Amino acid sequence: MIRTKTARTALFVLAMMGCTSIATTGAGAADGIAKADTSGKKIAFSNSYAGNSFRQVMIKSFEEIGAKAAADKLIASTAVVSSNNSVTEQAAQIENMILQGYDAIIVLAGSDTALNGAIKDACNAGITVVAFASGVTEPCAYVVDYNLDSYAKAELDFISSKLGDKPANILEIRGMAGDGFDKRLHEGVAKALKDHSNYKSVGEVYGQWTATVAQKEVSGILPSLPRIDAVLTQGGDGYGAAQAFKAANRPLPIIIMGNRQDELALWKQEHDASGYQTFSLGATPSVSQVAFWVAQQILAGKQVPKFVEVPLLQINQPDLDAWLKTVPEGGVVNAEYPQELVARIIDANIKKEALPGVPAPK
């Protein structure tokens, strides 16, 4: 194993020397798609959790883009492994991927720190590591993610646009305890609340981005809470929260939705019946495609920053019907991220320009 790692590291140094030469001549480093041959490269995906509709669509999106890229001779193959939210198992799976000779490993981490050793081992073996949607703190990894401060700010700003600055009680539904995405989004909420001094956080629960869990947890805490004016969410929990309020015969507060079909359908139903207003935003499951193309473009020699920000997908009232028509029952609003779009996202990050977004469907 030591010999294998040493050999891979030596090859990595040579490869990086080659990439430096490419960058110097301008090929692969300029705007647009890097064209160096990656047809022999293998890309693996280590996923921490597959227990909700978002993660399931995310895996499918990765598999679809990987299969198409293989058919187009852009890569050799892909593989996906999930660890059922066990960071110990996920670390072991990453170590196995190192031994199996993958050229890039994409990681959706169950912890922002617990996988650092395995990720460092991969980097030392000359493997490109791209973590996405739940950051890791090992600096050798590239990170593809959203600006979660912007996520929380958008939620609070919308609530403020409807309630003004009068005192309001806020319930926060978080994701999964210990998860990096949840921790960073919660930190963003704390920052955003400082700009709304009359808003008070009166409770929080972990909904695990799943409607049934969110409904159970919100139902459990509601009897101990005062009037709730608004509910902050992380995606997949808005519908369950609404059902908990309905079951308790409590007024439906402003619940920020998370781009799930059941949430959008409930929003439309309530709007049609009473003029209920909210908005929806979140990550798209196909952010896995962004991570895939970032890895492929790194292997192709494109200059990529260590952090690649991805735009959130937002749905406002005028576009609700158009987006709802695109989502299968029980599904999640999704968007395609082809190679060309991801190359433009990378370039916008480098230039610190506005990120290209996904327009509402026609």
Side-chain angles (χ1 to χ4, degrees), residues 12-43 45 58 61-62 64-76 78 103-107 123 126-133 135-136 139-151 283-314 334-362:
F12 176 61
V13 172
L14 291 173
M16 289 305 296
M17 291 173 62
C19 288
T20 302
S21 175
I22 291 172
T24 301
T25 60
D31 289 357
I33 300 169
K35 299 289 189 179
D37 181 21
T38 56
S39 60
K41 304 297 185 180
K42 300 190 300 178
I43 301 177
F45 175 18
M58 182 192 67
S61 294
F62 177 88
E64 289 175 348
I65 204 71
K68 185 177 187 308
D72 292 341
K73 308 299 183 185
L74 293 175
I75 61 163
T78 61
D103 301 282
I105 300 175
I106 294 167
V107 180
C123 292
I127 299 169
T128 295
V129 179
V130 178
F132 77 99
V136 298
C140 75
Y142 292 83
V143 175
V144 171
D145 209 346
Y146 301 94
N147 183 334
L148 298 187
D149 287 353
S150 294
Y151 193 124
T284 57
S286 53
V287 66
S288 58
Q289 295 182 352
V290 180
F292 171 86
W293 286 121
V294 166
Q296 186 272 334
Q297 284 292 283
I298 293 169
L299 294 175
K302 186 173 178 65
Q303 292 181 342
V304 176
K306 277 293 188 175
F307 179 82
V308 177
E309 181 182 344
V310 184
L312 291 161
L313 196 156
Q314 297 193 23
N334 207 13
E336 292 296 317
Y337 288 94
Q339 185 188 48
E340 182 272 337
L341 175 56
V342 174
R344 288 198 290 123
I345 290 173
I346 294 170
D347 293 338
N349 273 269
I350 291 173
K351 297 175 183 179
K352 302 188 184 303
E353 296 176 347
L355 301 175
V358 180
K362 302 296 184 182

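Here the structure is a predicted model, which is why all the values come from computation and not from measurement.
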Gap between atom CH2 of Trp293 and atom OH of Tyr337 - 0.5 Å precision
15.0 Å

Which value, rounded to the nearest 0.5 Å, describes the distance between Leu341 atom CG and Ile33 atom CD1?
10.0 Å

Apply side chain to side chain contact (heavy atoms under 4.5 Å, CB included) to the pair Val290 and Phe132, showing each step before the final yes or no.
CA-CA 9 Å; Val290 180; Phe132 77 99; over 6 Å; no

For Gln289 and Val342, run side chain to side chain contact (heavy atoms under 4.5 Å, CB included): C-alpha distance rounded to whole Å, both residues' side-chain angles, the deciding distance at 0.1 Å, then the answer.
CA-CA 9 Å; Gln289 295 182 352; Val342 174; 6.0 Å; no

Is Lys302 reaching over with its side chain to a backbone N or O of Gly32, donor-acceptor style, under 3.5 angstrom?
yes

Nearest heavy atoms of Val136 and Val143, plus distance in Å:
O-CG2, 4.5 Å

Which atom of Ala141 lies closest to which atom of Cys123, heavy atoms considered:
N-SG, 4.3 Å

State, to 0.1 Å, how close Leu74 and Gln339 come at their nearest heavy-atom pair, and which atoms those are.
CD1-NE2, 4.3 Å

Residue from Leu313, Thr284, Val287 passing side-chain contact (heavy atoms from CB on, under 4.5 Å) with Asn334:
Thr284

Would you find a donor on one side and an acceptor on the other, under 3.5 Å apart, between the side chain of Gln297 and the backbone of Ala34?
yes

If you count heavy atoms of other groups shown closer than 6.0 angstrom to NZ of Lys42, is the number above 12?
yes

Test of understanding: with side chain to side chain contact (heavy atoms under 4.5 Å, CB included), list the residues that count as partners of Ala104, not counting sequence neighbours.
Ile43, Thr128, Ala295, Leu299

In this structure, are over 12 heavy atoms from other groups packed under 6.0 Å from Lys306 atom NZ?
yes

Between CD of Gln303 and CD1 of Ile346, what distance do you get to the nearest 0.5 Å?
11.0 Å

List the atom of Ala300, the atom of Ala36, and the distance in Å for their closest heavy-atom pair.
O-CB, 2.9 Å

Which value, rounded to the nearest 0.5 Å, describes the distance between Glu309 atom CD and Leu148 atom CG?
9.5 Å

When rounded to the nearest 0.5 angstrom, what distance separates CD1 in Ile65 from CG in Asp72?
9.0 Å

Is Glu340 salt-bridged to Arg344, going by a charged N under 4.0 Å from an acidic O?
yes

Shortest non-hydrogen contact between Ile350 and Pro305, atoms and distance:
CG1-CD, 3.7 Å

Between Asp347 and Lys351 (salt bridge meaning N to carboxylate O under 4.0 Å), is one present in this structure?
no

Out of curiosity, Leu312 CG to Leu355 CG, how far, rounded to the nearest 0.5 Å?
10.0 Å

What is the minimum heavy-atom distance between Pro356 and Pro311, and which atoms define it?
O-CG, 3.4 Å

Got a sec, which residues hit ring pair (Phe, Tyr, Trp, His ring centres under 6.0 Å) with Phe62, two or more places apart in sequence or on another chain?
Phe45, Phe292

